[in-house]
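The shown structure was predicted, so the numbers you read here are calculated from the model rather than taken from an experiment. The figures here come from the full heavy-atom set of this structure, side chains too, leaving out hydrogens, waters and symmetry mates. Atoms within a ligand are numbered from 1 in the order they appear, just like the ligands themselves.
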Amino acid sequence: LKLNGTVFLISDADVMEAHGERVAGVLQEAGIAGASYVVPGGEASKSLRVASELYGWLSEQRAERGDTVVALGGGVVGDLAGYVAATYLRGMPFVQLPTSVLAMNDAAIGGKAAVDLPAGKNLVGAFHQPRAVLADIETLATMPHRALLEGFAEVIKHALILDPELLALLEQHAGELTSTDPDPDLLTQVTARSVRLKALVVSSDPQEQGLRATLN
Ligand code: GLY
């Protein structure tokens with residue numbers, strides 16, 4: 001992955017506190033200029049109001065079409081940052097750094113980007129494929145246990161629909177995977193397999209004309 005120009009990192013407060021310094025250090029080491037914007041955690045940030053704040057920030061920073069928007073966080077941050085990346089300057093390069101099981105396995109893959117309206121979730125959005133999705137299993141260590149477990153619903157869903165072998169693996173290791181400190185190698189194995197399934201489906205049907213709808 002080659003990043004040109006400036007990286008505009010969007011995250012939420014908890015994720016930024018846990019992982020922001022590490023990401024900033026990596027960018028600095030690579031000689032990549034960066035700026036960051038922290039939104040409040042939670043679904044309420046997936047709004048046109050917060051998107052508009054981000055547009056204001058990008059314009060103050062004089063972001064250009066060759067710069068890159070990077071989402072660091074879970075599904076809310078990924079959807080919001082993806083929507084902003086899809087629309088600001090009619091589209092900017094976008095990279096996803098998902099930090100939750102749900103985002104790694106589902107939300108960060110496939111280019112669905114959206115904000116909510118009072119009338120419903122994800123009503124305004126776009127398909128805007130990320131240039132890359134980098135999922136670091138180590139970031140899951142700081143997740144609340146309940147949120148970690150919730151994310152497995154997406155993995156189980158992929159397995160039930162598409163992959164009996166993955167389902168068998170999940171059943172075999174259910175105890176370990178639902179423990180408070182699951183083995184990172186097992187998490188990596190399960191995530192890699194589930195992510196590959198989602199990537200296969202969305203690359204054959206990016207705009208959800210048929211096959212992709214089976215995931216929903
Ligand atoms: N959540 C399933 C999809 O991205 O289409």
Are any non-hydrogen side-chain atoms of Thr87 and His128 less than 4.5 angstrom apart?
no

Could you tell me whether the side chain of His145 reaches within less than 4.5 Å of the side chain of Leu148, counting heavy atoms only?
yes

If you measure only the distance, is there a donor-acceptor pair under 3.5 Å linking the side chains of Gln61 and Asp67?
no

Would a 4.5 Å heavy-atom cut-off, applied to side chains only, mark Met104 and Ile137 as touching?
yes

Which protein residues have a heavy atom under 4.0 Å from ligand 1?
Asp106, Lys112, Lys198, Glu208, Arg212, Asn216

What ring-ring contact (aromatic ring centres under 6.0 Å, His included) pairs are there with at least one residue in residues 56-99, not counting sequence neighbours?
Phe8-Trp57, Tyr37-Trp57

Tell me, do Val95 and Leu97 make a side-chain contact under 4.5 Å, heavy atoms counted?
yes

